[in-house]
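Mind looking over this structure? Questions follow.
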Amino acid sequence: MMRFTFLLLLLLIGTSLDAQSVGEQLFESNCASCHGVTGRGDGPLAKGLRTAPADLTQIAARRDGVWPMLEVMSILDGYLKKTNPRNDMPVFDDFLVGRMVDFETGNGLTTLVPAKLIAMANYLETLQDPPPSRYVP
């Protein structure tokens, strides 16, 4: 019985850690080469780009402490590429596939969005320096 309890505990811990690190894993595999592992725009490919990668640790600071979740999600999903093109910044379709989850849009409504997109935006929020002081959807 004790062995079963221990195995169950390990499984639960592992599942929790996996869920917490999805955004970080997506960042490392899709963004770190240009934005750097800390998100400051100093990745190994940054010097070869026509447009310098943004310092992703300053998203909220550039907006007076506000974390703009929907704006970040729109940049990640490629929607803003049409209105705010960035040289060398690809659209990552991988963020848009897989499991869908409910997302509160800020106006009392929820909509289904890709779980990876939420995980990525949430991870970027953890990189903010200083941390956001206010939030908008």
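The structure presented is a predicted model; accordingly, all values stated were derived computationally and were not measured.
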With Q128 via side-chain hydrogen bond (donor to acceptor under 3.5 Å, both in side chains) - residues at least two apart =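 If we apply the side-chain hydrogen bond (donor to acceptor under 3.5 Å, both in side chains) test to Q128, skipping adjacent residues, there are no hits.
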ask   = Apart from V136 itself, what residues make up its hydrophobic cluster when side-chain heavy atoms of I, L, V, M, F, W and Y under 4.5 Å apart count as a link, directly or indirectly?
value =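 Direct or chained contacts put V136 with V66.
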inquiry  = What's the separation between atom OG in S29 and atom CD in E24, rounded to the nearest 0.5 Å?
reply    =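 These two atoms lie 11.0 Å from each other.
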request  = First locate atom CG of L56, then atom OH of Y123, and finally report the distance between them rounded to the nearest 0.5 Å.
outcome  =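 The OH atom of Y123 is 10.0 Å from CG of L56, to the nearest 0.5 Å.
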message = Looking at every heavy atom in both R62 and D55, which two are closest together, and how far apart are they?
response =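 Looks like NH1-O, 3.0 Å.
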Inter-residue atom distance M89.CE - L49.CG, 0.5 Å rounding =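 With rounding to 0.5 Å, CE (M89) is 11.0 Å from CG (L49).
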key: Pairwise distance OG(S133) to CG(D64) - rounded to 0.5 angstrom   =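 Output value for this atom pair is 8.5 Å.
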query = Which pair of heavy atoms, one from R134 and one from R63, lies closest together, and at what distance?
reply =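 It is NH2-O, 4.2 Å.
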message = When you compare the side chain of P114 with that of V97, does any pair of heavy atoms fall below 4.5 Å?
response =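 They are not in contact (no side-chain heavy atoms under 4.5 Å apart), so the answer is no.
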Approximate separation, where rounding is to 0.5 Å, of Q58 CD and L127 CG =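 Q58 atom CD to L127 atom CG measures 11.0 Å (nearest 0.5 Å).
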inquiry  = Under a 3.5 Å threshold, yes or no: a donor from one side chain and an acceptor from the other, between Y135 and E125?
reply    =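 Short answer, yes.
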Please list, one pair per line, the donor and acceptor atoms closer than 3.5 Å that link side chains of residues 36-44 to other protein atoms, with sequence neighbours excluded.
residue : atom : partner : partner atom : Å
R40     : NH1  : T57     : OG1          : 3.0
R40     : NH2  : D129    : OD2          : 3.3

ask   = Quick one: are T105 and T110 in side-chain contact, heavy atoms under 4.5 Å?
value =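 When only atoms from C-beta onward are counted, T110 and T105 do not touch, as no gap falls below 4.5 Å.
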query = Do L124 and L76 have side chains that get closer than 4.5 Å, going by heavy atoms?
reply =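 Sidechains of L76 and L124: in contact.
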ask   = Mind checking what makes ring pair (Phe, Tyr, Trp, His ring centres under 6.0 Å) contact with F95, not counting sequence neighbours?
value =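 Partners of F95 by the ring pair (Phe, Tyr, Trp, His ring centres under 6.0 Å) criterion, ordered by chain and then number, come out as F92.
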Show me the donor-acceptor pairs, under 3.5 Å and distance only, between side chains in residues 115-122 and residues at least two apart or in other chains.
residue : atom : partner : partner atom : Å
K116    : NZ   : D94     : OD1          : 3.1
N122    : ND2  : I118    : O            : 3.3

query = Do the side chains of W67 and I59 get nearer than 4.5 Å, heavy atoms only?
reply =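 Yes - at least one pair of side-chain heavy atoms lies under 4.5 Å apart.
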request  = Determine whether V101 and F103 fall in the same hydrophobic cluster, where Ile, Leu, Val, Met, Phe, Trp and Tyr are linked whenever their side-chain heavy atoms lie under 4.5 Å apart.
outcome  =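 Yes; F103 is reachable from V101 via cluster members.
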query = What's the spacing between H35 NE2 and L45 CG if we round to 0.5 Å?
reply =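 These two atoms lie 11.0 Å from each other.
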key: Members sharing L112's hydrophobic cluster (side chains within less than 4.5 Å)   =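 Besides L112, the hydrophobic cluster comprises M100, listed by chain and residue number.
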